[in-house]
Amino acid sequence: MSDTSRAVALGPYSAAVRRYFAEPAHGGDPDPGAGNVWTAEASEPASGAIIRLSVTTAGRRIRAMRYRVFGCPHLIAALERCCERFEGESLESLAEFDLVELMRALQVPVDKTVRMLLIEDVIRSVCKLAGRPGENETGT
Amino acid sequence: MSDTSRAVALGPYSAAVRRYFAEPAHGGDPDPGAGNVWTAEASEPASGAIIRLSVTTAGRRIRAMRYRVFGCPHLIAALERCCERFEGESLESLAEFDLVELMRALQVPVDKTVRMLLIEDVIRSVCKLAGRPGENETGT
Amino acid sequence: MNAPDNSRIVYLDYAATTPIDAAVLEEMTGCLRESASYGNPSAIHIAGRRARWKIDAAREDLARLLGCSARCLVFTSGATEADNLAIIGAARFRAHRGRHIVTVSTEHKAVLEACAALAKEGWDVTRIDPDTDGLVSPEALADALRPDTQLVSIMHVNNETGVLQDIARLGRLCRERDVLFHVDAAQSVGKLPIDVGDWPVDLLSLTAHKFHGPQGVGALYIADRAGCGVVPLLHGGSQERRLRPGTPALALIAGLGAAARIASGRMASDLVHVRRLHDRLLGGLAGLEGIRRNGSVTSNYPGIVNISAAGVEGESLMLALEPVCVSSGSACNSQSGEPSFVLKALGRTDREAQAAIRFSFGRDTHADDVDFALRRYVAAVTRLRALAPGQAA
Amino acid sequence: MNAPDNSRIVYLDYAATTPIDAAVLEEMTGCLRESASYGNPSAIHIAGRRARWKIDAAREDLARLLGCSARCLVFTSGATEADNLAIIGAARFRAHRGRHIVTVSTEHKAVLEACAALAKEGWDVTRIDPDTDGLVSPEALADALRPDTQLVSIMHVNNETGVLQDIARLGRLCRERDVLFHVDAAQSVGKLPIDVGDWPVDLLSLTAHKFHGPQGVGALYIADRAGCGVVPLLHGGSQERRLRPGTPALALIAGLGAAARIASGRMASDLVHVRRLHDRLLGGLAGLEGIRRNGSVTSNYPGIVNISAAGVEGESLMLALEPVCVSSGSACNSQSGEPSFVLKALGRTDREAQAAIRFSFGRDTHADDVDFALRRYVAAVTRLRALAPGQAA
Ligand SMILES: Cc1ncc(COP(=O)(O)O)c(C=O)c1O
Ligand SMILES: Cc1ncc(COP(=O)(O)O)c(C=O)c1O
């Protein structure tokens, strides 16, 4: 497949976005009783996008992450990638979540930045709820 | 050859016009000394058309007809056909020349009628010169 | 790596553009291949005469499809140009009589923006809102007409919803008031029977690529009656009765003629086929909850089915449908992401409009294609709903 | 019976339209055949993306031929539309600054009538007369410019005579006065080197069928600089940066792109070939008396040779030339029988103009074709002169 026909086939979605979108492993609600569950929600009225992130922790360790989303493929893929990345990690590493790096990795178009910020919002909220405000470290 | 492709091939010129135009046998000047020669000329300033008709007679009989012309294919063909028709005939029959019949036979477009009238003009003039005004019989 | 294999495309976007008919293609390649023996139709030599003859024949073919005289047809570059020529051209033609025109809020942008351009030049424009089914009632039209109204423009079949207006009835109203009536029939010509000889229509636009002809060519029908006419938008050359100058595109026009000829022959059977596909699609959706058809369920062209599903986001739905090619709203709107103004005029919310999918199909669509699309659609809606938070449903 | 056998056509009417290149045809039929997998380029699905990619590629090909950025090109239905968009569009764009435009009396009708349309709307139009060679002197242009001049439109190569204007020099005058400069390059694009990056040109029109592309597609180049722009003539849809709405005609645009690509590759060798044919034609006419070339003998495109023969009538000459396809003056004028206004502007009498024959040829013309046409021409002139009365000579 040539570069152009590949680009044409992919359209506005990178291969990574397509992969995460096609097989989201972390969609849904957290398993009840698996630990402490911290849930945060955010929405963007302009596009109607809504996301809800639930993080199940055991101590400072993230045991599971689950999300629900009403939104575009980039948003779904980005949430999925976050969950994949931070499950098993510490809350501290989640607090260091880097939106710019995520958008770059998934090749999210810049005009979706405002929508992508929803992810930063819910992660901050979750971190706050879990007793570890991450504001100072995030978003750089 | 289908009717349409024939019509397309012919364009605005009937087969008869094309034939006369391609092989004009009566173009040129009359043979000197072959009899009495009566010559008339007419022109249409709008298109620049000019015709000159020379009729050589012996008594009331037409021995030869010759023309010169600066004009369109219809005019050339019409002159040619006139000469073909009236050579060997009497001056009386020439005076009965019928322009409408000629135009019909050659399928001359009506918008060329004014130009075609030049032929009627020179025939009238020639008949007058030859001492037999044919005004009353022509053009019907 | 990871680029989707889209070699199997299920193309259900006929309202955007249709596959070209094989016989149309043959006609066109014939003209193109012999382009030196078909010259510029304005020329008097044999090549020019051949070209002119071809164009005349195509005009006759199209005239036969529409039930009009060939004299009344002007070839254009498509329905966009035909709409502009009809609306701006007729308005200018009648400007001395008055400067009010009437249209409908669910028309194609080519109509709406042509009207907007006139508004800038001082015309008064009334945009009627259709009812929630997308239909324009004769009463609504009658209310909009004024003594100074010169032109009414209402489309035959809506490109987003398939809604079919009662052109005969609306047209009679215009005739009674001596108002010109323009119909954008881009979505119906070649698919539904049209007889402009019978219809009270003065101007009618069409485009070849919506009925298996080539892109880039269309026509405007201009009734041959007193008070009806258009002022040209383009100038130069005496082609198309001076209403549309420029070297005529022989191959395109021949392609349009061939498409018209073919449509004349098989419109009835195509329509039976399309209706079957329509019923199959709707039958297959019957089990899915929270589904709503946009537009009238009784008055429509069955080759366009527009569906909103509650609780799913439009862009994700489109991606999940791949490799099924459909539109979300009008083709013109698909890139912008804006909710369709047509669906909003029918009372849909932004979210409903954004999640609307237009399935459109026709002559070459197989029942298999519809089944494939159905499976994808049901699976996609189910999956996306499962992913959505409660309040979005 | 008696219909001429025109199966052997000698086509020397390239200035009217050119034979399509085989590779262009292939490109186009590819697009047409797969029209379902190349959808409407406005759609976001894979078929739409494929179509859009094809269009972008064609735009790049054309941009390379012209030496500009692809962003500056707007596809149209041909040069007539491009000329109208350039002239009416730019005049409206700059209307607030002033309402004077300048053109030349030997321009194509698309330019002259677009200017005439503006004149009706209140613009002042100055038409410069060229000298008897058909050339516009910088002095004549300088004299015509006024403080309120907004636009100058001068063609590159004249379609009837082949006369080639000094665009660089005329353009510099316009730049100095901050006047937009439009060039109708319909007869030169793909045949003569053009570099709009280098030229002081703001708007440039072209049409594909004059350089072995399809009829029905062209483009307008619009320089990307302050003060330069056009107001669209057609409305609806966001295609072509909203300057030219309507479903883009994929196959046509791909054909234009292919024609541009091919021209980029072989322009130099084509030009050598054309110059040889030009010299052969003129050499063959050298023995004939009372012959006059219309237009400049020093500044021209060699693929157009316009000849007047004293003492012969134009219509008869055309018929006698069959099956050689040539034009008598502009293709646009051939049917009307009116003497060419271009030749009259060069000082020819009605009769000289009517008897003018335009031989035009190019890439696919053989020396044999020229020889055949020459024999016919010499024979026809000789025969018709022999038939004419003395005073007509
Ligand atoms: C100089 C010139 N300008 C404009 C045009 C118009 O081109 P088209 O007929 O393709 O619109 C032509 C050809 O007809 C031309 O020769
Ligand atoms: C109803 C309607 N009108 C006008 C048009 C414009 O047609 P085109 O894009 O061929 O100019 C379309 C299609 O795009 C249409 O669906």
Side-chain angles (χ1 to χ4, degrees), chain C residues 6 9 11 13 16-17 19-20 25 28-29 32-33 35-37 39-40 42-47 77-78 80-81 83-84 108-114 116-117 207 209 214-217 233-238 245-252 318 322-323 325-327 331-332 334-336, chain D residues 6 9 11 13 16-17 19-20 25 28-29 32-33 35-37 39-40 42-48 77-78 80-81 83-84 108-114 116-117 207 209 214-217 233-238 245-252 318 322-323 325-327 331-332 334-335:
Chain C
N6 281 309
I9 280 182
Y11 187 79
D13 203 12
T17 198
I20 208 156
L25 179 60
M28 290 179 68
T29 45
L32 292 168
R33 197 172 297 122
S35 54
S37 52
N40 187 319
S42 303
I44 61 169
H45 51 59
I46 173 84
S77 64
T80 298
E81 187 186 341
D83 283 343
N84 276 267
H108 191 269
K109 284 265 170 114
V111 166
L112 294 176
E113 296 195 6
T207 187
H209 72 101
Q215 295 170 335
V217 65
L233 297 177
L234 300 177
H235 311 277
S238 56
T247 305
L250 176 62
L252 294 180
M318 282 291 284
E322 276 191 9
C325 294
V326 289
S327 277
C332 313
S334 317
Q335 277 187 78
S336 68
Chain D
N6 282 309
I9 281 181
Y11 187 79
D13 203 12
T17 198
I20 208 156
L25 179 61
M28 289 179 68
T29 46
L32 292 168
R33 197 172 297 122
S35 53
S37 51
N40 186 320
S42 302
I44 60 169
H45 51 59
I46 172 86
S77 64
T80 297
E81 187 185 341
D83 283 344
N84 276 267
H108 191 269
K109 285 264 170 115
V111 166
L112 293 177
E113 296 195 6
T207 187
H209 72 100
Q215 294 170 336
V217 64
L233 297 177
L234 300 177
H235 312 276
S238 56
T247 306
L250 175 62
L252 293 180
M318 281 292 283
E322 274 192 6
C325 294
V326 290
S327 278
C332 315
S334 315
Q335 277 187 81

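Chain naming here is simple, since letters A, B, ... match the order of the sequence lines and numbering starts at 1 in each.
With chain C as the partner, the residue from L112(D), D83(D), L250(D), L233(D) showing the most heavy-atom pairs under 4.5 Å is L250(D). Each of T80(C), V217(C), N84(C) has some count of heavy-atom pairs under 4.5 Å with chain D, and the biggest count is that of N84(C). Of the listed residues P214(D), A110(D), G216(D), the one with more heavy-atom pairs under 4.5 angstrom with chain C than any other is A110(D).
Between T207(D) and T247(C), the closest side-chain pair of non-hydrogen atoms is not below 4.5 Å. No side-chain heavy atom of L252(D) sits less than 4.5 Å from a side-chain heavy atom of Q215(C).
Using a 4.5 Å cut-off between heavy atoms, L234(C) contacts chain D through both its backbone and its side chain. Using a 4.5 Å cut-off between heavy atoms, V326(C) contacts chain D through its backbone alone, with no side-chain atom that close.
The shortest heavy-atom contact between C325(C) and I46(D) is SG-CG2, 3.7 Å.
Once rounded to the nearest 0.5 Å, the distance linking CD of E322(D) with CD1 of I44(C) reads 8.5 Å. A distance of 5.5 Å separates CG in L32(D) from CG in L25(C), rounded to the nearest 0.5 Å.
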